[in-house]
Amino acid sequence: MATTLSVLQEELSSVDSELQAVEIQVQELLERQQDLLQKKSVLTKKIKQFSDTESGSSKDTESAAEDWNKEDFPWSKKVREVLRNSFKLPKFRPLQLETINVTMAGRDVFLVMPTGGGKSLCYQLPAVCSDGFTLVICPLVSLMEDQLMVLEQLKVSATLLNASSSKEHVKWVYTEMLSSSSQLKLIYVTPEKIAKSKMFVSKLEKAYQAGRLTHIAVDEVHCCSQWGHDFRPDYKLLGILKRQFPNASLIGLTATATSHVLHDAQKILCIQKCITFTASFNRPNLYYEVRQKSPVAQNFIEDIVKLINRRYKGLSGIIYCFSQKDAEQVTMSLQQLGIKAGTYHANMEPKDKSRVHKRWSANEIQIVVATVAFGMGIDKPDVRFVIHHSMSKSMENYYQESGRAGRDDQKADCILYYGFGDIFRISTMVVMENVGQQKLYDMVSYCHNLNR
Ligand code: ADP
Ligand code: MG
């Protein structure tokens, strides 16, 4: 008995001394935590000051916008005249004049504006008002073609260079780039052209030295950043532009408002000092709704069909699906019920994709059932509903995708179907992405909050 007691006492004192040691460690860790918290607060403050001076803090940007909202610059008269006579527009939309003035002053600017807001005018108009030409970097040939069609109607001289340009055409463009009597105002290229064609870059250098490369526009500038939703590796190499052509003013355009993405893009493009304008993203005509997905597939599709046949009878819309297979299945279910629907995903032939897009634009089919491949370049004004068959992988993506509704400023609905299983499907997909999981959680928490 006595031995057991002494064993227990010994054990107690060993636990006591261990506890004491732990307490000392806890104390040390707490002190270390205090230290780190203090350091963190100092660093955060420094970073904030740093990024504010780099991009202009929100207060500075506001006052900057006021500074640039004037029409007494040396170029102001010409700008007005070109707006009316070349672009046939009676007035500017918010922030267009400011952005154009910054570009005309030869300064670098980032313009963040929702899709459809009118970003293209902000580099097209300065191009027409300036000597020489503007180089436009654009991620997709189809986007360039859309713009070239409009410019052709307006009789603004513009062209594009890509991998399938003929030798004669390339030669003609190279001559125009150097000719002081050239009328060519805009040259559109994909980022690959800058990244891969030494010949083109050397022609640009010659043109720059001759004072002919006046402005550079980088459209969809969020494609530079891996933090964004549409990273394109060739955009990473565009830093060469500002390094080689420091005196050509650069304008970056995007509908992605995350400051993280913007800072990253500025860094990648080697822009030292840059004015950033951000237009309002408030779309009061869009009605957002989250609905619980029925676990029974048949009931779920019936729910969607009911919406289409009642609330949206005869109205144009998009259904976004998680996978190509989902998109095909939903299209089939709709078609079987006599609804005019077409599929769109990345694995289709380009001509089939463009056929679906065209027929939908012409209202020959009511609904495009698509994956996120149905994205850039959609500017149908009268989309009355965007239904998400599954949640997006982030709020940013959801905003972009649902924002294709109601471009005409008339009322439109954005309905998101939320199902638990989708979290896991998307989670596997974003596992390799920077902060992919965090963004997904934000998306899930949006679904939960609105899910009443
Ligand atoms: P974004 O690139 O921001 O998505 P776009 O430049 O393609 O938008 O412009 C969208 C539409 O808005 C185009 O049809 C364009 O002609 C129109 N637009 C642009 N600026 C104006 C303006 N000041 N007044 C009227 N329409 C405009
Ligand atoms: Mg655009």
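Position 1 is the first residue of the sequence, and the numbers go up from there.
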### Query
How far apart are the C-alpha atoms of Leu213 and Phe133, what are their side-chain angles, what is the distance that settles it, and do they pass the side-chain contact (heavy atoms from CB on, under 4.5 Å) test?
CA-CA 5 Å; Leu213 172 55; Phe133 65 90; 3.8 Å; yes
Is a side-chain N or O of [X] found less than 3.5 angstrom from the main chain of [Y], in a donor-acceptor match?
X: Asp234; Y: Pro191; value: no
X: Asn347; Y: Gln324; value: no
X: Arg93; Y: Gly117; value: yes
X: Arg384; Y: Gln410; value: yes
X: Ser130; Y: Ala127; value: no
X: Gln96; Y: Gly118; value: yes
X: Thr258; Y: His260; value: no
X: Gln437; Y: Ser427; value: yes
X: Trp360; Y: Gly317; value: yes
X: Gln366; Y: Leu315; value: yes

### Message
Could you check whether atom CD of Glu364 has more than 12 heavy atoms from other residues, nucleotides or ligands sitting under 6.0 Å from it?
### Response
yes
### Query
Within a reach of under 6.0 Å around CZ of Arg232, are more than 12 heavy atoms found that belong to other residues, nucleotides or ligands?
yes
Can you list everything that forms a side-chain hydrogen bond (donor to acceptor under 3.5 Å, both in side chains) with [X]? Sequence neighbours excluded, please.
X: Arg311; result: Asp413
X: Tyr174; result: none
X: Glu328; result: His345
X: Ser142; result: none

#### Entry: Residues Ile251, His215; criterion side-chain contact (heavy atoms from CB on, under 4.5 Å); working and verdict
CA-CA 8 Å; Ile251 172 171; His215 309 293; 5.9 Å; no
### Query
So which pairs with a foot in residues 105-122 pass side-chain hydrogen bond (donor to acceptor under 3.5 Å, both in side chains), sequence neighbours left out?
Asp108-Lys242
### Query
Any ion pair linking Asp422 and Arg425 (charged N to carboxylate O, less than 4.0 Å)?
yes
Measure across [X] and [Y] and return the closest heavy-atom pair with its distance rounded to 0.1 Å.
X: Ala255; Y: Val112; value: C-CG1, 4.4 Å
X: Phe277; Y: Val109; value: CD1-CG2, 3.9 Å
X: Val330; Y: Cys321; value: CG2-SG, 4.1 Å
X: Leu286; Y: Ala405; value: CD2-O, 3.4 Å
X: Arg283; Y: Gly403; value: NH1-O, 3.0 Å
X: Met113; Y: Ala279; value: CG-CB, 3.8 Å

### Message
Ring centroids only, cut at 6.0 angstrom: are His388 and Tyr320 within range, meaning strictly under it?
### Response
yes
#### Entry: His222 ring center within less than 6.0 Å of Tyr235 ring center
no
Would you tell me whether [X] and [Y] have side-chain atoms, one donor and one acceptor, within less than 3.5 Å of each other?
X: Asp219; Y: Tyr123; answer: yes
X: Asp442; Y: Ser445; answer: no
X: Ser394; Y: Glu396; answer: no
X: Tyr208; Y: Gln244; answer: no
X: Ser392; Y: Asn397; answer: no

Under a 4.5 Å cut-off applied to non-hydrogen side-chain atoms, are [X] and [Y] in contact?
X: Glu220; Y: Leu140; result: no
X: Leu89; Y: Leu121; result: yes
X: Ile423; Y: Met391; result: yes
X: Ser86; Y: Leu154; result: no
X: Val156; Y: Leu186; result: yes
X: Ile271; Y: Phe110; result: yes
X: His169; Y: Val173; result: yes
X: Ser390; Y: Lys293; result: yes

### Task
Can you label the angle between the His448 ring and the Tyr418 ring as parallel, tilted or perpendicular, going by 30° and 60°?
perpendicular
### Query
Relative to each other, are the rings of Phe424 and Phe420 parallel, tilted or perpendicular (30° and 60° limits)?
perpendicular
### Task
Report the C-alpha separation of Arg355 and Lys351 in whole Å, then their side-chain angles, then the decisive distance to 0.1 Å, and conclude whether the side-chain contact (heavy atoms from CB on, under 4.5 Å) test is met.
CA-CA 6 Å; Arg355 186 162 164 271; Lys351 70 169 189 337; over 6 Å; no
Nearest 0.5 Å, what's the [atom1]-[atom2] distance between [X] and [Y]?
X: Arg404; Y: Ile378; atom1: CZ; atom2: CD1; answer: 4.5 Å
X: Thr44; Y: Leu37; atom1: OG1; atom2: CG; answer: 10.0 Å
X: Tyr441; Y: Gln438; atom1: OH; atom2: CD; answer: 8.0 Å
X: Phe245; Y: Leu204; atom1: CZ; atom2: CG; answer: 4.5 Å
X: Phe87; Y: Leu151; atom1: CZ; atom2: CG; answer: 6.0 Å
X: Leu253; Y: Cys122; atom1: CG; atom2: SG; answer: 7.0 Å

#### Entry: Asp382: salt bridge (charged side-chain N to carboxylate O under 4.0 Å, His left out) partners, not counting sequence neighbours
Lys380
### Task
Could you please spell out the steps behind the side-chain contact (heavy atoms from CB on, under 4.5 Å) verdict for Val430 and Met443?
CA-CA 13 Å; Val430 300; Met443 181 80 232; over 6 Å; no
### Query
Are Asp264 and Lys236 close enough, and set up right, to give a salt bridge (Lys or Arg N to Asp or Glu O under 4.0 Å), and what steps lead you there?
CA-CA 10 Å; Asp264 206 21; Lys236 267 239 172 266; 5.4 Å; no
